[in-house]
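Per chain, numbering begins at 1; letters A, B, ... match sequence-line order.
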Amino acid sequence: MVDVDGRGMSQLRRGVLEYCVLALLREEPRYGFDVIRTLGEVDGMITTEGTLYPLLGRLRRDGLVETHWQESQSGPPRRYYRLTARGTAALDAFTEEWTRFSAAVDSMLGAASR
Amino acid sequence: MSAQQVVEEYLGRFERAAAVLPRGRRGELVDEIRAHLAEAVPPGATESDARNAIERLGSPEAIVVAGLDGPAPHDTVRTRDWVAVLLVLLGGVVIPVIGWIVGVVLLWSSRAFEVRHKLVGTLVPPGGLSAAAFLAFGVSGSATGCVTTSTGPADVVGAPAPAGPEAVTTCTGGGSGLAGSILLAVIVIASVATAAYLGVRLQRAQRLTAAVG
């Protein structure tokens with residue numbers, strides 16, 4: 001059987017994942033564990049939960065998200081991630097690009113299988 | 001093993017793997033992983049709960065590699081990287097000057113090291129062990145005190161033959177046998193420590209590479 005989840009696929013997944021995280025944070029600020037739990041509810045979204053944390057750190061260094069601490073009822077304060085204006089702009093640009101790109105890929109795959 | 005012990009053991013492994021990250025990023029990441037496990041493995045969780053949570057989290061190495069910018073700068077450690085370390089240490093002894101220079105060139109063209117490693121590898125001490133060999137030669141001859149002023153790698157080639165009269169005339173300090181010995185010891189220790197520093201770096205990078213496949 002062909003290895004679908006080889007290098008190319010995992011790179012594609014990694015590249016797209018950060019925009020899924022941004023999309024999730026557009027709804028409301030979330031803390032890391034919450035982001036992972038929510039992404040985990042969608043099958044095939046993440047393979048290694050822990051790699052989400054370096055990703056969140058990078059988004060913050062790039063100015064796409066910002067963080068703040070918020071008290072928690074069940075333990076120590078949590079670090080919340082929130083979308084910035086720059087993050088919103090990046091997400092909008094990606095959404096437009098992705099819609100075009102995925103439609104193009106779908107049509108190629110569909111044409112090839114006929 | 002209790003759930004808490006499983007978590008602590010994982011965090012220990014994580015901190016060791018994270019040593020390759022810049023300090024600020026390392027602290028933040030360790031905090032996040034710790035907070036994650038506190039949520040995922042609440043008090044009262046069983047050992048197998050904890051093992052499941054850790055399984056899903058992924059290996060420390062995989063997470064740390066994801067925290068490096070871009071494609072991992074030390075993606076593959078090759079034999080030539082080890083040769084570079086060896087030559088920086090011993091190259092100047094085997095083939096004076098040239099052996100060391102080849103080592104330095106290999107070191108700077110390697111992708112397995114960051115700039116700070118390359119700087120340390122080149123400058124501590126320049127010439128590697130050959131600096132010590134040169135010094136020892138000088139001490140055993142009559143030119144005791146002056147050797148300290150000319151430990152640069154460029155001088156090593158000239159050292160064997162004309163060390164006699166020329167060196168003596170430039171010599172100012174007599175009776176510096178003790179100072180010479182101390183300097184010799186410092187150079188030897190510095191050379192070996194530098195090689196060990198670079199070696200540890202390569203080993204860590206190799207472990208990361210192996211973990212990510």
Side-chain angles (χ1 to χ4, degrees), chain A residues 3 5-18 20-21 25 30-81, chain B residues 4 6-7 10-11 13-45 49-73 75-76 208-209 211-213:
Chain A
D3 177 20
D5 205 22
R7 213 176 160 74
M9 198 62 204
S10 71
Q11 274 175 358
L12 179 62
R13 176 182 280 126
R14 205 177 314 146
V16 172
L17 183 59
E18 64 180 77
C20 296
V21 171
L25 295 176
R30 292 172 188 267
Y31 57 99
F33 189 74
D34 188 24
V35 170
I36 288 174
R37 195 168 42 195
T38 312
L39 286 173
E41 285 165 6
V42 185
D43 181 45
M45 205 51 156
I46 39 177
T47 50
T48 315
E49 292 182 346
T51 55
L52 242 295
Y53 291 105
L55 173 72
L56 286 168
R58 193 168 66 242
L59 292 176
R60 194 183 64 156
R61 284 196 300 282
D62 290 347
L64 303 181
V65 303
E66 58 192 11
T67 61
H68 63 276
W69 291 92
Q70 199 168 308
E71 293 298 326
S72 140
Q73 286 152 350
S74 60
R78 289 163 170 157
R79 191 201 302 265
Y80 275 75
Y81 295 83
Chain B
Q4 236 38 56
V6 172
V7 167
Y10 179 87
L11 286 172
R13 282 203 294 141
F14 189 85
E15 282 181 34
R16 283 193 295 280
V20 293
L21 294 175
R23 197 180 299 268
R25 210 177 295 180
R26 182 196 321 161
E28 188 182 311
L29 198 52
V30 170
D31 284 351
E32 285 283 48
I33 296 296
R34 190 181 291 279
H36 177 101
L37 286 174
E39 304 258 5
V41 188
D49 291 340
R51 293 206 185 278
N52 276 337
I54 281 167
E55 174 86 9
R56 294 164 53 128
L57 200 53
S59 76
E61 289 79 9
I63 299 172
V64 168
V65 165
L68 298 165
D69 283 323
D75 43 4
T76 44
L208 283 182
T209 315
V212 180

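- Note on B/L21, B/I33, B/L29: by heavy-atom pairs under 4.5 Å with chain A, the leading option is B/L29.
- For the residue pair A/H68/A/Q70, the side-chain donor-acceptor check at 3.5 Å is satisfied.
- Remark: B/R13 pairs with no residue by the side-chain hydrogen bond (donor to acceptor under 3.5 Å, both in side chains) rule, at least two apart or across chains.
- Within the 4.5 angstrom heavy-atom criterion, no atom of A/L52 approaches chain B.
- Judged as a side-chain hydrogen bond (donor to acceptor under 3.5 Å, both in side chains), and not counting sequence neighbours, B/E55 has no contacts.
- Within the 3.5 Å criterion, the main-chain N or O of A/G50 finds no donor-acceptor partner in the side chain of A/T48.
- Looking at B/A40, both its backbone and its side chain come within 4.5 Å of chain A, counting heavy atoms on both sides.
- In this structure, the portion of A/R78 lying under 4.5 Å from any heavy atom of chain B is its side chain and not its backbone.
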